[in-house]
Amino acid sequence: KDMEALNVQPADCLTRVSEYVPEIVDYIQKIITREFAYESNGSVYFSVSKFDSSPCHHYAKLVPEAFGDSKALAEGEGDLSAAPSEKRFENDFALWKKSKPGEPSWPSPWGLGRPGWHIECSVMASAILGQSMDIHSGGYDLKFPHHDNELAQSEAYYDNDAWTQYFLHSGHLTIAGCKMSKSLKNFITIQEVLQKHTARQLRLAFLLHSWKDTLDYSDNTMELAKSYEKTVNEFFLTVKHFMRTTPGTGVEAFTKWSKDELEMNENLEKAKVAIHAALCDNIDTRTVLETIRELVSQSNVYIEKQRSTGAVNRQLIKNVAAYITKIFDVFGMISKEESVGFPSGGSGSADLETLVMPYLNSLADFRDNVRKSAREIKAGDILAECDKLRDDVLPNLGVRLEDKENEATVIKLVDRAELMKEREEKKALEEKKRLEKEAKKAEAAAKAAALEAQKKIPPGDLFKNETDKYSKFDDKGMPTHNAEGEEMPKAQLKKLQKIYQAQEKKYNDYMKSQSNEQ
């Protein structure tokens, strides 16, 4: 269910080790027959030295420097680690392990036991795919010893040197910089993630990073994915608007290409080449998405330049959007039901947009006419109702209207939750601006009141309240000694004298204004 929710295609075949034990026993027996494995005390071990010394075989192809790393080998074996006396050499690893009392066990020529960890994968993959596979994936921490041991035992079985053509070792997933772990209490399930973000947003977060590098799942990572999704989706919605409002057939659907159309088409072709090269270069999805982001930006520039004259080339921007959609479909970003056979009803069932858009177009046209008439007669209350329909009513239904000058209203079907979030953000921004305006107004009023209060202070009283600075004053109220009882320096007295004179002028002007009022 989790994989289905993430739009991950189901596996063609699911294997269970318990169903392949007879095949595992036969597989091990053949490796013993080829003298690359040996039985010891009811267990069977792979002879690394014998395999590596063979002319056509090499051990530890993936991580050559790990050859002989006893610590890594022990971690790879886990519970299957043997007593030193059972193995001929320390580097040898278990193909079959004698079971202890109470452990799961199956019969074999060597007694009751259970398969080794590495042999399970080799046998099940070989049973389905044969003696060679194109691509084998896994986490980068599985390179050694797990995948190297898989290669060794499989190539020993088939007596070839290319059991796997390509390995894709993916980076780890961390949570806010830390490895995901129940002990750290930072464990998060797919269902928990999907309560906060959509499957497409989560997929975008992965695609925006290199698959071979560590990905850190955090609020910042997901915000980047959501921002990317919004940018591309807005472009799709704009293209759909022009597809609805401009001719799609007949002579009017095709216009002469100008320099702008030629340049935009060249941008599209360059993007196709760059995206193909990126996918051929180690499946570089990050570069693919950045190339698409740039193509969207170029398309938006073209649209804004042409829309004022109504010269947007419908087919050209449709081609851009269709190509991007094709790539997103390849990346699994577009969820669609799997179909078998021909669709019923001829051309298939219509999607939501096709069904509701005629009604929304009629509503938008009616609203445009109402707004035009209301402006002519200056009917503010009617214009307010039109705004209410745009800002409050339709967003609740997942519809966004964008009013344009000299152009029909743009209609976009958007996720209702996103529109609700946009509305709340808009209200929060308006409230923030209102509070900032009131704060500035209050600050200006307080400043004006302070200046007015300053005028009312007689110059002789100006410094007398500042006892933390001055201790003695002359007859005019000028400080003569500082707080420590020392005489004021002449330079400081000169500054205070200027302040005194300025206050004297303010006070005299204030007193004069009071006399005039009386």
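Nothing here was measured: the structure is a model prediction, and the numbers come from that model.
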Do any N or O atoms from the side chain of T309 and from the backbone of Q306 form a donor-acceptor pair under 3.5 angstrom? yes
Quick test of your reading of the model: are R434 and E438 salt-bridged, counting only N-O distances below 4.0 Å? yes
Closest heavy-atom pair and its distance - V288, A278: CG2-CB, 3.8 Å
Walk me through it: do E266 and K270 pass the test salt bridge (Lys or Arg N to Asp or Glu O under 4.0 Å)? CA-CA 6 Å; E266 185 179 358; K270 286 181 178 178; 3.4 Å; yes
If only atom types and distance count, is the side chain of S227 paired as donor or acceptor with the main-chain N or O of E223 below 3.5 Å? no
Any heavy-atom pair between the side chains of R400 and E422 that's under 4.5 Å? yes
Does a side-chain N-to-carboxylate-O contact under 4.0 Å join E269 and K272? yes
In terms of heavy-atom contacts, A125 and M133 come closest through CB-CE, 3.5 Å
Within the 4.5 Å heavy-atom criterion, are R314 and P247 side-chain neighbours or not? no
Flag side-chain contact, heavy atom, 4.5 Å: S335 against N7: yes
Are Y157 and S126 side-chain neighbours, meaning at least one heavy-atom pair lies under 4.5 Å? no
Taking atom OG1 of T189 and atom CG of L194, what is their separation to the nearest 0.5 Å? 8.5 Å
What pairs with F67 under ring-ring contact (aromatic ring centres under 6.0 Å, His included), at least two apart in sequence or on another chain? Y59
Is there a donor-acceptor pair closer than 3.5 Å between any side-chain N or O of N282 and the backbone N or O of D284? no
Are R286 and E290 ion-paired here, with the side-chain N under 4.0 Å from a carboxylate O? no
Under the criterion side chain to side chain donor-acceptor pair (under 3.5 Å), which of K230, E229, K196 is the partner of Q201? E229
Student check: side-chain heavy atoms of W211 and T285 closer than 4.5 Å: no
Any donor-acceptor pair under 3.5 Å from Q153 side chain to H118 backbone: yes
Is the backbone of L289 close enough, under 3.5 Å, to the side chain of Y228 for a donor and an acceptor to pair up by distance? yes
The ring-ring contact (aromatic ring centres under 6.0 Å, His included) partners of H58 (sequence neighbours excluded) come to none
May I ask you to decide whether D403 forms a salt bridge with R367, counting only side-chain N to carboxylate O separations under 4.0 Å? yes
Under the 3.5 angstrom rule, does the side chain of D148 hit a backbone N or O of V63 as a donor-acceptor pair? yes
Is there a donor in the side chain of N300 and an acceptor in the side chain of E304, or the other way round, less than 3.5 Å apart? no
Where the side chain of S362 meets the backbone of P358, is there a donor-acceptor pair that is under 3.5 Å apart? yes
Are the side chain of R244 and the backbone N or O of I411 linked by a donor-acceptor pair below 3.5 Å? yes
Rounded to the nearest 0.5 Å, what's the gap from CG on L401 to CG on L389? Could you check? 6.5 Å
Within a 6.0 Å radius of atom CG on N369, are there more than 12 heavy atoms belonging to other residues, nucleotides or ligands? yes
Table please: side-chain donor-acceptor pairs of residues 8-22 below 3.5 Å, with sequence neighbours left out.
none

In plain terms, say whether E234 and K412 are close enough for a salt bridge, that is, a side-chain N and a carboxylate O under 4.0 Å apart. yes
Show every salt bridge (Lys or Arg N to Asp or Glu O under 4.0 Å) that has at least one partner inside residues 165-177, sequence neighbours left out. none
Is there a donor-acceptor pair closer than 3.5 Å between any side-chain N or O of R307 and the backbone N or O of V312? no
Show the atom names and distances, to 0.1 Å, of all donor-acceptor pairs under 3.5 Å that link a side chain in residues 322-331 to residues at least two apart or in another chain.
residue: T325; atom: OG1; partner: A321; partner atom: O; Å: 2.7
residue: D329; atom: OD1; partner: K336; partner atom: NZ; Å: 3.4
residue: D329; atom: OD2; partner: K336; partner atom: NZ; Å: 3.1

Between the side chains of E402 and H241, is a donor N or O closer than 3.5 angstrom to an acceptor N or O? no
Any non-hydrogen side-chain atom of S132 less than 4.5 Å from a side-chain atom of Y158? no
Are R416 and N396 packed together at the side-chain level, in the sense that at least one heavy-atom pair is separated by less than 4.5 angstrom? yes
Would one find more than 12 heavy atoms of other residues, nucleotides or ligands at under 6.0 Å from atom NE2 of H172? yes
Separation between CD1 of I24 and CG of L95, rounded to the nearest 0.5 Å: 10.5 Å
Salt bridge present between E418 and K226 (N-O < 4.0 angstrom): no
Restricting to ring-ring contact (aromatic ring centres under 6.0 Å, His included), what partner residues turn up for H57, sequence neighbours left out? F36, F51
Taking atom types as modelled, is there a side-chain donor on S297 or E294 under 3.5 Å from an acceptor on the other? no
T238 side chain near V410 side chain, heavy-atom distance below 4.5 Å: no
Given 3.5 Å as the limit, does a donor-acceptor pair link the side chain of T221 with the main chain of Y217, or not? no
